[in-house]
Asker: 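I have a structure here, written as structure tokens, and I will follow up with some questions on it.
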Amino acid sequence: MVIAFKELAGLPATGPMAVPFPSAWVGREGKVVEFHTAAGSWVGNFRPGLGGIDAAHACPDGRHVLVVAAGDAWMVDAERQQANVILPAVDASMEVPGSSDLILSRQGLALVRLEGSRVIWHSRRISWDGFDDLRIEGARIVGQAFDPMKEAWVPFAVDLRTGASEGGSYPVELGDSWEQLGG
């Protein structure tokens with residue numbers, strides 16, 4: 001069964017209490033999403049991050065939903081009523097043409113590719129301070145990375161398949177523990 005879901009404007013005034021994510025986060029309203037599964041309906045209340053987009057996307061496996069709450073990306077197993085944060089500070093997303101994959105911008109510093117419900121690569125840090133003109137051209141993601149020292153935009157490219165990158169404003173020699181390349 002494909003999971004149906006609906007983003008809500010707030011917590012429901014009636015019915016069962018919303019399931020908070022994380023479980024200890026109670027008494028506040030975050031990103032509220034209603035899920036409809038074979039077992040019935042339930043509402044999730046997701047703690048917001050420090051800033052970024054709010055969104056919900058169905059994953060192609062029919063079981064998971066990506067919920068982004070003020071930048072924190074939660075992977076939700078709707079049948080089990082479970083969710084885990086998979087990425088903080090998501091400020092933009094775009095679909096990969098010809099697939100159901102998503103590219104997520106991590107605070108305008110690095111990029112991540114989601115295939116279904118899993119991260120398949122995470123680029124190194126590419127920018128000191130944000131992206132501009134981000135787009136997919138063929139087998140690459142291209143754009144501009146801001147360099148505050150030069151007060152200029154610097155071009156970069158990321159391999160859509162592996163996450164390997166070239167260019168950008170953040171020096172490769174500084175190293176980066178974020179980078180996890182795919183195959």
Side-chain angles (χ1 to χ4, degrees), residues 2-3 5 21 31 46 48-78 80 82-183:
V2 174
I3 300 300
F5 63 93
F21 295 103
K31 174 76 174 166
F46 298 87
L50 296 175
I53 62 173
D54 281 304
H57 298 276
C59 293
D61 65 4
R63 178 176 167 174
H64 292 90
V65 176
L66 175 71
V67 173
V68 186
D72 276 3
W74 294 84
M75 189 55 66
V76 181
D77 183 330
R80 292 193 172 121
Q82 297 175 341
N84 295 306
V85 173
I86 61 167
L87 193 66
V90 175
D91 65 344
S93 69
M94 61 184 179
E95 296 178 3
V96 177
S99 79
S100 57
D101 294 4
L102 292 173
I103 302 297
L104 303 176
S105 167
R106 183 174 178 187
Q107 200 172 359
L109 305 176
L111 298 172
V112 175
R113 183 170 180 170
L114 288 183
E115 178 182 64
S117 62
R118 66 185 186 96
V119 172
I120 61 169
W121 56 254
H122 189 304
S123 76
R124 69 174 175 87
R125 183 171 180 177
I126 298 167
S127 179
W128 278 105
D129 194 18
F131 295 136
D132 191 30
D133 197 23
L134 196 60
R135 63 195 183 284
I136 296 174
E137 289 185 354
R140 302 182 329 155
I141 304 163
V142 297
Q144 303 286 318
F146 190 69
D147 185 337
M149 278 69 79
K150 297 177 183 174
E151 294 190 24
W153 291 95
V154 179
F156 71 89
V158 177
D159 184 292
L160 200 50
R161 188 178 60 81
T162 67
S165 61
E166 57 188 45
S169 62
Y170 194 82
V172 175
E173 57 272 9
L174 290 181
D176 190 343
S177 62
W178 289 351
E179 186 174 59
Q180 297 172 357
L181 300 180

Asker: Can you see which heavy atom on A56 is nearest to which on F5, and at what distance?
Answerer: CB-CE1, 3.5 Å
Asker: For D91 and G108, work out which heavy atoms get closest and say how close.
Answerer: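 In terms of heavy atoms, the two residues are closest at OD2-N, 3.2 Å.
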Asker: Quick one: does S127's side chain have a donor or acceptor within less than 3.5 Å of a partner on F146's backbone?
Answerer: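 Between the backbone of F146 and the side chain of S127 there is a qualifying donor-acceptor contact (under 3.5 Å).
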Asker: Test side chain to side chain contact (heavy atoms under 4.5 Å, CB included) on K31 and W74; report intermediate values, then the result.
Answerer: CA-CA 11 Å; K31 174 76 174 166; W74 294 84; over 6 Å; no
Asker: Is there a donor-acceptor pair under 3.5 Å between the side chain of R63 and the backbone N or O of S117?
Answerer: no
Asker: Using the rule given for side chain to side chain contact (heavy atoms under 4.5 Å, CB included), can you reason through E179 versus L181, listing the C-alpha separation, both sets of side-chain angles and the distance that settles it, and then say yes or no?
Answerer: CA-CA 6 Å; E179 186 174 59; L181 300 180; 3.7 Å; yes
Asker: So which heavy atom on L111 is nearest to which on S105, and how close?
Answerer: CD2-CA, 3.9 Å
Asker: Does M75 form a side chain to side chain contact (heavy atoms under 4.5 Å, CB included) with L66? I'd like the steps, not just the answer.
Answerer: CA-CA 5 Å; M75 189 55 66; L66 175 71; 4.0 Å; yes
Asker: What is the minimum heavy-atom distance between L104 and S93, and which atoms define it?
Answerer: CD2-CB, 3.5 Å
Asker: How close do A78 and I3 get, counting heavy atoms only, and between which atoms?
Answerer: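 Scanning both residues, the minimum pair turns out to be CB-CG2, 3.6 Å.
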Asker: Is the side chain of R135 donor-acceptor paired with the backbone N or O of D133 at a distance under 3.5 Å, no angle test?
Answerer: yes
Asker: Is there a side-chain contact between L114 and L87 in this structure, where contact means two heavy atoms from C-beta onward sitting under 4.5 Å apart?
Answerer: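 L114 vs L87: side chains apart.
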Asker: I'd like to know if the side chain of W128 and the backbone of S169 have a donor-acceptor N/O pair within less than 3.5 Å.
Answerer: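 Between the backbone of S169 and the side chain of W128 there is a qualifying donor-acceptor contact (under 3.5 Å).
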Asker: If you round to the nearest 0.5 Å, how far is CD of E115 from OG of S100?
Answerer: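 Between S100 OG and E115 CD, I get 7.5 Å after rounding to 0.5 Å.
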Asker: Quick one: salt bridge (Lys or Arg N to Asp or Glu O under 4.0 Å) partners of E151, sequence neighbours excluded?
Answerer: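 Here no residue qualifies.
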Asker: Would you tabulate the side-chain donor-acceptor contacts of residues 152-163 under 3.5 Å, counting partners in other chains and residues two or more places apart, or write 'none'?
Answerer:
unit_1 : atom_1 : unit_2 : atom_2 : d
D159   : OD1    : R161   : N      : 2.7
D159   : OD1    : T162   : N      : 2.9
D159   : OD1    : T162   : OG1    : 3.4
R161   : NH1    : G183   : O      : 2.1
T162   : OG1    : A164   : N      : 3.1

Asker: Working to the nearest 0.5 angstrom, can you tell me the gap between D61 CG and R118 CZ?
Answerer: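 Between D61 CG and R118 CZ, I get 11.5 Å after rounding to 0.5 Å.
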Asker: Any chance you could lay out the side chain to side chain contact (heavy atoms under 4.5 Å, CB included) test for F21 and V76, step after step, and finish with the verdict?
Answerer: CA-CA 10 Å; F21 295 103; V76 181; 5.6 Å; no
Asker: Using modelled atom types and a 3.5 Å cut-off, is there a donor and acceptor pairing between side-chain atoms of D72 and backbone atoms of P88?
Answerer: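 Pair absent, no side-chain N/O of D72 close to backbone of P88.
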Asker: What's the separation between atom CE in M94 and atom CG in L134, rounded to the nearest 0.5 Å?
Answerer: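 It comes to 4.0 Å.
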Asker: Determine the minimum heavy-atom distance between L102 and E95, stating which atoms define it.
Answerer: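 Of all heavy-atom pairs spanning L102 and E95, the closest is CD2-CG, 3.8 Å.
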Asker: Could you give the distance from CZ (R124) to CG (L109), rounded to the nearest 0.5 Å?
Answerer: 11.5 Å
